[in-house]
Amino acid sequence: MVENLVIVESPAKAKTIEKFLGKDFLVMSSFGHVRDLEKKGFGVDIENNYTPKYIVSTDKKKVVTELKKLSKEAKTVWIASDEDREGEAIAWHLMEVLGLDVAKTKRIVFHEITKEAILKAIETPRNLDISLVNAQQARRVLDRLVGFEVSPVLWKKVKPALSAGRVQSVAVRLIVEREREINKFTPTSAFRVTAIFKVKDANGKTVDLKAELPQRFNTKEETLAFLEQCKNAEFSIADITTKPSRRSPAAPFTTSTLQQEASRKLGYSVSQTMTIAQRLYENGKITYMRTDSVNLSGLAINTAKETIYDTLGEKYHKVRQYKTKAKGAQEAHEAIRPTYIQNNSVDGTAQEKRLYELIWKRTIASQMADAELEKTTVTINVSTSDKHFVATGEVLKFDGFLRVYLESKDDEEENGSDAGLLPPVKVNDVLDMKQVDCVQRFSLKPPRYTEASLVRKLEEQGIGRPSTYAPIISTIQNRGYVVKEDREGVERQYDTLTLKKGEIKEATKTEITGAEKSKLFPTDIGLVVNDYLIKNFEMILNYSFTANVEAQFDEIAEGEREWTQMIDEFYHPFHEKVENALQTSEKANAERILGNHPETGKVISVKIGRYGPLAQLGETTNGDSDEPAEEKPQFASLRPGQSIETITLEEALELFKLPRQLGEYEEKVVTVAIGRFGPYVRHDSKFFSLEKNVDDPLTIQLDRAIELIEVKREKDRKAVIMTYDEDPEVRVLNGRFGPYISYKKKNYKIPKSQKPEELSLEECMKIIEAGPKKATRGKKKSK
DNA sequence: CAGTGAGCGAGCTTCCGCTTGACTT
């Protein structure tokens, strides 16, 4: 029998709190929400004032039963879910589901997991805030109505199993619009002019002084004209100014900024970062990792101070309080920080260590003094021109927080000329010009989103929550709207002009531009769905939709508005759009006519087909009539990286060069084609991949194809550990994850206690009968 | 999991946000 039962959301949190509270308190976890809207149908009774139909989630039945039992026994139940909209709703659902007696139930909240904060919370319990709960119900019902009314429209008008939602559809829109900006973009170029002068340093040694012309020349002629002027010019120092400047550290990590920095500095994907952070949290190394707050507890600020005093000295310390500026932030937790700030490293995997170190540095730096710099600007006259060269130098007077941590930037900046210390020069000094370089530079196209920069953008717009950033990224990829890919760059030529020893030399050089690594690209399905949604549901796709409804949720939370009334006002015009789209909108297949075949004159077009984007040669109907054409059209799938929107007639023609017949082997036809997993040879209804970067499907010959077939056969033979004459369908194979049993297209794990090479047929059959009959067919990871 | 693209129809798909394991051909 336990006196006090405390319920929190996370088991790791429960463990910590139990230590603070002592013997009279039992701390349990609800593992997040315990109830949700019914999964099938709307889960909302629209006719009946939007009454939600809640059911206990299947994976929460056990927890609920246990909590029910414990809460019956306890004298007092303390519900300590987070103090935000979702947390309040969890508290309410718990009270409902557990059938808690109001008289013995207390609602408590705290924003930091410190003993002080928790004891204080216990002393000051409050009542459940039903307005806040209602705001959550409105959020939940609105998301359900939007998702479950719009998605079926897509199934009918575009393709089955697609989805739309308040958050995911806007995320896709961002990526689609950025891609179109990039496609539209035409770079302009200009000549950047830099000069190197020879000067003496403090020791009398000759060193380079680098300077740049603040303006660029648009044409080669202008550039050349300027260089001509430089030939006989005198270069002298007109002015030297020095200006102090300061830099301040960035705020401690939130989920979004942690994801961005871990991506930039450590190369982690958004979901990788969260998985690693979760482990650090569970091991008590860091505070909660799903937060939108930059706030540090008083304890943390003090420990940071002590740590900085001890390791770097007092002058490196500065107390700083940060204010969260993210739209819609709910600040139920602290910022992400080390639990024990005095520990600058932890045990764990290499990945955990690196992420911890990043969090530690960011936290410490956030409590450190500004860096102090001095920027020197030297202006250099050109006697034959009214233009000036400018040299800048930056000296670090005091490193401050830079000693520990510097935030990275997303966009690689162009002139990465690290301004350092300038050599000693004085006004009126005449300089010895070594050379002047003019390089043609191109304007940069807008950058494609990375996972992390998309998260930043979503957060800026107040779309999504810390717990959903990583899932959003997977959803839009799982639905096939977006792919994360590398793309090779293309060669580009640029001109250079150099003036050296009174002579001007011209040259044309090549560079690689537009290469992308792990960037988000819209697929053709993504483009089609996005355009369809914008046309028919602009209200939902609008970037400010979330902000608008959030403002209304706030009114509900303040008790100023009835939640069902808000939903009602939204639903009627929205539902009308749904009906309208179902009845009047065209099926969207994004068909585009590319032109005619140069020899046969047949029409070549591209569109979205049942299995994805395809190119079509010839027509299905005869001319303008509905009669089927005498000759069936030919089809070919688009290759990865190709898009309906940008493919050219020439590229489409290439697609029809495959499949090719190479000849016969063992009396069966050998063909070569390109499939979803790249080029392959097909023989006797078996597939053999071509070797990457070695074989070309357009030129490969029969003898090489046979070689590939034989190599694969040999490899397969080696993968077989055991076969049985009695039942040839049972085989013990060696796979990617070690030995396994294959039987009738299904696979079974071999228990560790058994040696695969000693398995008898009976033992295999036993494993097969006991083993989970999971299909091997790849299933989407959805729940 | 690779090839396909006539048409019909049954039955299915889907949201966002709060939490962890289970499990991996």
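The analysis underlying the following values was restricted to heavy atoms, covering all of them including side chains, and did not include hydrogens, waters or symmetry mates. Note that this is a predicted model, so its numbers are computed, not measured. Every chain is numbered from 1 and lettered A, B, ... according to where its sequence line falls, protein lines coming before strand lines.
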Go nucleotide by nucleotide along DNA chain B from the 5' end; which of A/P659 and A/M289 gets its closest nucleotide reached first? A/P659

OP1 or OP2 of B/dC16 less than 4.0 angstrom from a side-chain nitrogen or oxygen of A/T468, does that happen here? no

Between A/Q278 and B/dT20, is there a contact of a side-chain N or O with OP1 or OP2 at under 4.0 Å? yes

Do any side-chain nitrogens or oxygens of A/Q136 fall under 4.0 Å of OP1 or OP2 in B/dG17? no

In whole angstrom, what separates A/E38's CD from B/dT14's P? 17 Å

For A/S585 and A/Y532, does a side-chain donor sit closer than 3.5 Å to a side-chain acceptor? yes

Whole angstrom value for the distance that separates P of B/dC18 from CD of A/Q137: 16 Å

Most 5' of A/R290 and A/R140 on DNA chain B, judged by nearest nucleotide: A/R140

Working for ring pair (Phe, Tyr, Trp, His ring centres under 6.0 Å), residues A/Y281 and A/Y288: CA-CA 6 Å; A/Y281 167 67; A/Y288 196 55; 5.2 Å; yes

Examine B/dC18: is either OP1 or OP2 under 4.0 Å from a nitrogen or oxygen in the side chain of A/S467? Give yes or no. yes

Separation of atom CG in A/D59 from atom P in B/dG17, rounded to whole Å: 18 Å

Would you indicate what A/F42 reaches in the nucleic acid, counting non-hydrogen atoms under 4.0 angstrom: base, sugar-phosphate, or nothing? nothing

Would you say A/S151 places a side-chain N or O within less than 4.0 Å of OP1 or OP2 belonging to B/dC15? no

Grab the CZ-P distance between A/F688 and B/dA2 for me, whole Å please. 15 Å

Does OP1 or OP2 of B/dT14 have a side-chain N or O of A/R479 closer than 4.0 Å? yes

Are the ring of A/F31 and the base ring of B/dT20 both nearer than 5.5 Å at their centres and tilted by less than 30°? no

Selected nucleotide, minimal atom distance to A/F687 side chain, candidates B/dA2, B/dC15, B/dC18: B/dA2

How long is the line joining CG of A/D36 and C1' of B/dT19, in whole Å? 13 Å

Polar atoms only, N or O, under 3.5 Å: list the protein pairs with nucleotides 6-12 of chain B and their distances.
none

Does any N or O donor sit under 3.5 Å from an N or O acceptor when you compare the side chain of A/R465 with the base of B/dC18? no

